[in-house]
Amino acid sequence: MALTRRQFIKRTAALTAASFCGVNLGFKNEGISHAFDVDKWVRGSCRLCGVGCRVDLGLKNGRPVALRGVKDSRTNFGYLCMKGMLFYKLIRHPDRLTKPLYRARKDQPFKEISWDEALDIAAKAFANSVKKYGNNSVAYYGSGQALTEETYLFQKVMRAGLKTNNVEGNPRLCMASAVGGYITSFGADEPIGSYSDIEKCHCFFIIGSNTAEAHPVLFRRIMRRKLDNPDKVKVINADPRISPTSRIADIHIQFEPGTDLALLNSMAYVIIEEGLYDKDFLSNYATFRVGKAKKEVGFEVYKKHLQAYSPEKAAKICGGNVTPDLIREVARIFATSPATMSLWTMGINQRIRGVWANNLIHNLHILTGQLCKPGADSLSLTGQPNACGGVREAGGLCHILPAHRPVEIDKLRHEVEDLWGVPRGRIPAKPGYHTMAMFQAINDGKIKTIWINCTSPVQSLPNADKYIKGLKREDCFIVVTDIFPTRTTEVANLVLPTAFHFEKTGVYGCTERRSQLTLKALDPPGEAKPEVWIVREWALRLSKELNDPVIKKCVEPFIGKEEGFELPKAIWDEYTQKLTKGRDNDFRGATYEVLMQMPDGVQWPAPTKEYALKGGTVKKFVRGLDPLADEHAKDDKPYQFYGPAHKDRKLWVWIRPYKGPAEAPDSQYPFYLSTGRIIDHWHTSSMTGRIPELMSANPYSFVEINPEDASRLGIKPGDMVLVESRRGKNLLPAKVVEGPMKGMVFVYWHDQHEDRMINRVTKDAFDPGSKEPEFKICSARIKRVSGPKPLKPFLVNSV
Ligand SMILES: Nc1nc2c(c(=O)[nH]1)N[C@H]1C(S)=C(S)[C@@H](COP(=O)(O)OP(=O)(O)OC[C@H]3O[C@@H](n4cnc5c(=O)[nH]c(N)nc54)[C@H](O)[C@@H]3O)O[C@H]1N2
Ligand SMILES: Nc1nc2c(c(=O)[nH]1)N[C@H]1C(S)=C(S)[C@@H](COP(=O)(O)OP(=O)(O)OC[C@H]3O[C@@H](n4cnc5c(=O)[nH]c(N)nc54)[C@H](O)[C@@H]3O)O[C@H]1N2
Ligand code: SF4
Ligand SMILES: [Mo]
């Protein structure tokens, strides 16, 4: 789909109007601040997406009244999207949880209890499970939205205190495939480059990402780059669905869900066939690999593998609008542009071949040398504000300890035990349950007590009904820490109210290795408490219950610290000064003191204070730009790939064959069902559903259907449609739109109403490597049930 320039500008203008507010181009921050009647501004980060926009919260008589973007921030330059402008309304929201609530049985009503009682109950529940069923009967399930200090402390107490690696979180549903891709392709997690490559990029390859709605401010930067240089800059969008992102694309590649592995291999085929690869880059920095044993093979073997993906063959696999010529064209643009940047999110990660799809994108960058130079990068966009900082870096998944240390490596595990001052052998050598295995273990009665923090798995897990059964078991004790009632508080025994963003201090680390501090601006409502206080107090009681001084030892450095600032600061100091020392995310320079001086935080690695005060590292692995590349240099080459997972210090080009989705359409369930996001809502809508401006824009979810399919099935806009899979069904209003390709429907997953919770329909198959579920593809059938019906928005509003 090639757009004319006029069409392009028209669509872009419409999109801009719809997607943004508070874009104060040309004003100074002082100008903006005068527009609001506030007493003071407190600096922090946006609570919502992984872009990591920098904000100031405005207070008037101690109440939050406004948010503004920070003009000096190199992330958002003062821009904010609508959600980012409005989340301050949650801070004093009347639905906030304000008291600890408890019920011994899930069929009883909750009653209010004191913190003393609540912490005792939580400690006894975990201690009793451990005594009766062993250390693997307890678990923590956390979030890429928890502060780094929170995730770090939870996982420390679980691993070294309770001797279990059952530490997981929602990034498993989200970024796990990207982690797997970075480690296997580059030897180190997280992107090499930064957002600042956008302003130097000539070809944007956006695949499986609806950047316009999911990363709106970043999309704004991409759009401006394109608008300012309409001929010089090309945008290629690859997605089975036309989304608002496609509207700035010169080329939109539309293919059957799951077939992009064939497309990416075919682009590599063209690059090699036409000699568009960078021979010097390859011979200096790359090797070719295959299989589980990561066997090194020659270029010829790789070329032979690609024979199955000639454009003619791949176009047949891909379907949609994919032709051999289209594949050749995009491969040429990708390879020959002065600087190419790939951007992707869940269309790539949430797949049973998510890691492979990531590898195949990296392959294209390695083959063409579109890496490390200005404007070129293979940049996976992170969804949540702290999936990188808190979970990927600080030890929030069952197989990784803080600072990118795999649990299974004895030397690294012992290093952590020594740094924590706990006996060697305290942390088990075996990774714990990954997310899907963890919830299966609850179904099977193996996990008896779980702490769920800052996430709502009842709504966000695939094939949810299957796992809700387990969560409802009376023999599984569930502690939930949240700020609002949710579908998950409905299955809890103990609900603990926590402080929200700006009611506590701590760090978020976004997509581009950038960590930013948010300062406490006001007290939490009622008796809500910061998580770091809750974990410390719980651990002290747990230590007594189990008569185990090592548990106390885990929180000893933090005893007596004031919870609003001193406590998170002490945790951050321990993590950065001790745990990141000598690691690829060495962050000793980024102290609270430094972070407080920076308008937009620091990018790791940043080993010293002086270096951190300059902002940190914009490009990893590049000599002169990355202090660790200089420190670890083994020769005089400009790039030094010192990532801990590749001892050969090379980038790996992978042989990864095409494999389709776990469940493809058939005669009974003839449609592809995919799910995702809308600009105004955040995930389960527990937050955005409570902001009237956002809720009235999208009061309920709907199903997008291609006009051809709709007309064939007699479905008109607004009609009620049954969307059904082998697992469950939803009843949703139809939106007939030139969005999903023919044979595909797309459903938004924010709605909490039981008829519109699409995870009752999705499939829980997952990638064997990353264990990330395939939210993006399953098969379904659709049927018109009635004409339009008035629908009421729904939120769980009590516990
Ligand atoms: N407004 C808003 N923004 C958010 C969030 C939110 O809830 N709301 N959540 C944040 C989080 S945690 C995340 S992870 C990100 C997610 O950000 P995105 O991944 O950009 O958003 P999604 O809507 O989940 O899916 C993106 C696209 O994947 C496409 N897709 C489906 N199947 C395939 C396929 O087989 N191949 C390819 N190439 N593409 C496919 C879909 O058509 C869809 O357009 O958003 C973050 N930002
Ligand atoms: N069908 C489908 N399902 C999906 C996806 C998809 O694309 N399709 N995407 C998946 C992805 S990528 C993700 S990341 C997950 C996200 O799924 P979830 O993490 O389950 O969704 P959220 O609504 O972000 O849940 C965050 C919770 O934290 C609470 N909260 C807010 N602030 C705080 C705080 O300071 N402390 C505490 N303790 N709680 C707080 C909120 O009220 C909310 O209940 O969903 C996954 N599920
Ligand atoms: S783009 Fe993301 S980080 Fe920026 S204001 Fe919007 S939700 Fe917040
Ligand atoms: Mo996510």
Side-chain angles (χ1 to χ4, degrees), residues 47-51 81-83 90 97 142-147 150 169-175 206-216 238-246 253 255-261 263 343-351 357 381-385 387 452-462 464 480-489 496-501 503-504 528 530-531 534 661 672 674-688 690 739-741 744 746-750 757-759 761-762 772-773 775-777:
R47 168 62 182 75
L48 297 166
C49 89
V51 172
C81 78
M82 187 94 144
K83 298 183 296 305
L90 303 172
L97 297 168
S143 173
Q145 300 164 60
L147 295 164
E150 296 165 358
N170 59 12
R172 181 71 71 184
L173 311 177
C174 178
M175 299 314 300
I206 304 176
I207 178 163
S209 155
N210 179 8
T211 329
E213 295 195 80
H215 296 89
D239 194 310
R241 183 177 75 118
I242 297 171
S243 73
T245 305
S246 331
I253 318 173
F255 44 86
E256 285 201 28
T259 61
D260 31 13
L261 276 83
L263 172 80
L343 300 148
W344 68 96
T345 326
M346 294 306 118
I348 290 293
N349 293 351
Q350 289 173 339
R351 306 265 300 276
L381 293 168
T382 295
Q384 299 178 89
I452 297 173
N453 178 43
C454 200
T455 177
S456 182
V458 166
Q459 194 177 343
S460 58
L461 290 175
V480 173
T481 22
D482 204 300
I483 58 166
F484 286 123
T486 66
R487 283 287 179 199
T488 301
T489 57
L496 303 177
T498 75
F500 183 56
H501 212 52
E503 295 168 358
K504 55 191 176 186
E531 285 84 334
I534 300 172
Y672 282 110
S674 189
T675 61
R677 292 155 174 83
I678 203 155
I679 189 161
D680 301 308
H681 278 298
W682 180 257
H683 296 161
T684 64
S685 66
S686 75
M687 292 187 276
T688 46
R690 290 186 164 85
M741 64 183 290
M744 171 189 185
F746 191 86
V747 178
Y748 297 90
W749 74 273
H750 55 266
M757 267 171 47
I758 196 61
N759 276 327
V761 184
T762 53
E772 177 161 345
F775 287 107
K776 283 293 173 275
I777 315 174

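Just so it is clear, the structure is predicted and the values come from calculations on it, not from any experiment. All ligand and atom numbering here is 1-based and tracks the order in the structure.
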Where does [X] meet ligand 2, judged by heavy-atom distances below 4.0 Å: at the side chain, the backbone, both, or neither?
{"X": "Thr455", "result": "both"}
{"X": "Ala146", "result": "neither"}
{"X": "Ser686", "result": "side chain"}
{"X": "Thr486", "result": "side chain"}

- Item | Nearest option to atom 39 (N) of ligand 1, as decided by whichever heavy atom of Pro216, Ser143, Ser246, Gly208 sits closest | Gly208

- Query: Looking only at heavy atoms, what is the nearest atom pair of Gly142 and Thr455, with distance?
  - Reply: O-CG2, 3.5 Å

- Query: Can you name the nearest heavy-atom pair linking Arg487 to Gln459, along with the distance?
  - Reply: CG-OE1, 4.2 Å

Return a yes/no value for [X]: is any of its N or O atoms, backbone included, closer than 3.5 angstrom to an N or O of ligand 1?
{"X": "Ile679", "result": "yes"}
{"X": "Thr211", "result": "no"}
{"X": "Arg677", "result": "yes"}
{"X": "Ser243", "result": "no"}
{"X": "Gly676", "result": "no"}

- Item | Close approach of Glu150 to ligand 2, heavy atoms, under 4.0 angstrom |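 False for this residue.
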
Short list, please: which atoms of ligand 2 are under 4.0 Å from a heavy atom of [X]?
{"X": "Phe500", "value": "32 (N), 35 (O)"}
{"X": "Lys504", "value": "34 (C), 35 (O), 36 (N)"}
{"X": "Gln384", "value": "14 (S)"}
{"X": "Trp682", "value": "24 (O)"}
{"X": "Gln350", "value": "5 (C), 6 (C), 7 (O), 9 (N), 10 (C), 11 (C), 12 (S)"}
{"X": "Thr498", "value": "34 (C), 36 (N), 37 (C), 38 (N)"}
{"X": "Lys776", "value": "7 (O)"}

Could you find the nearest protein heavy atom to [atom] and give me its residue, atom name and distance?
{"atom": "atom 29 (C) of ligand 2", "value": "Asp482 OD1, 3.1 Å"}
{"atom": "atom 31 (C) of ligand 2", "value": "Arg47 NH2, 3.0 Å"}
{"atom": "atom 35 (O) of ligand 1", "value": "Gly258 N, 2.8 Å"}
{"atom": "atom 28 (O) of ligand 1", "value": "Gly347 CA, 3.3 Å"}
{"atom": "atom 38 (N) of ligand 1", "value": "Asp260 OD2, 2.8 Å"}
{"atom": "atom 8 (N) of ligand 1", "value": "His681 O, 2.6 Å"}
{"atom": "atom 44 (O) of ligand 1", "value": "Asp239 OD2, 2.9 Å"}
{"atom": "atom 12 (S) of ligand 1", "value": "His683 NE2, 2.9 Å"}

- Query: Where's the contact between Ala214 and ligand 1, heavy-atom distance under 4.0 Å: side chain, backbone, both or neither?
  - Reply: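 The answer is both, backbone and side chain.
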
- Using a 4.0 Å heavy-atom cut-off, say whether Thr259 meets ligand 1 through its side chain, its backbone, both or neither. neither

- Item | Residues that Arg677 engages under salt bridge (Lys or Arg N to Asp or Glu O under 4.0 Å), provided they are two or more places apart |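 None.
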
- In chain order, what residues pass the salt bridge (Lys or Arg N to Asp or Glu O under 4.0 Å) check against Lys504, with sequence neighbours excluded?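 Only Glu150, Glu531 meet the salt bridge (Lys or Arg N to Asp or Glu O under 4.0 Å) criterion with Lys504.
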
- Task: May I ask you to decide if the ring planes of Tyr748 and Phe746 are parallel, tilted or perpendicular, using 30° and 60° as cut-offs?
- Result: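 Perpendicular: the ring planes of Tyr748 and Phe746 meet at over 60°.
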
- Non-hydrogen atom of Trp344 closer than 4.0 Å to ligand 1: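 No.
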
- Would you please determine whether Glu256 falls within less than 4.0 Å of ligand 1 on a heavy-atom basis? no

- Query: Can you check whether Ser460 reaches His683 side chain to side chain, under 4.5 Å on heavy atoms?
  - Reply: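 No. Closest side-chain heavy atoms not under 4.5 Å.
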
- Item | Side chain Thr481, main chain Leu496, donor-acceptor under 3.5 Å |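 Not at all, since once roles are kept as given, no pair shorter than 3.5 Å links the two residues.
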
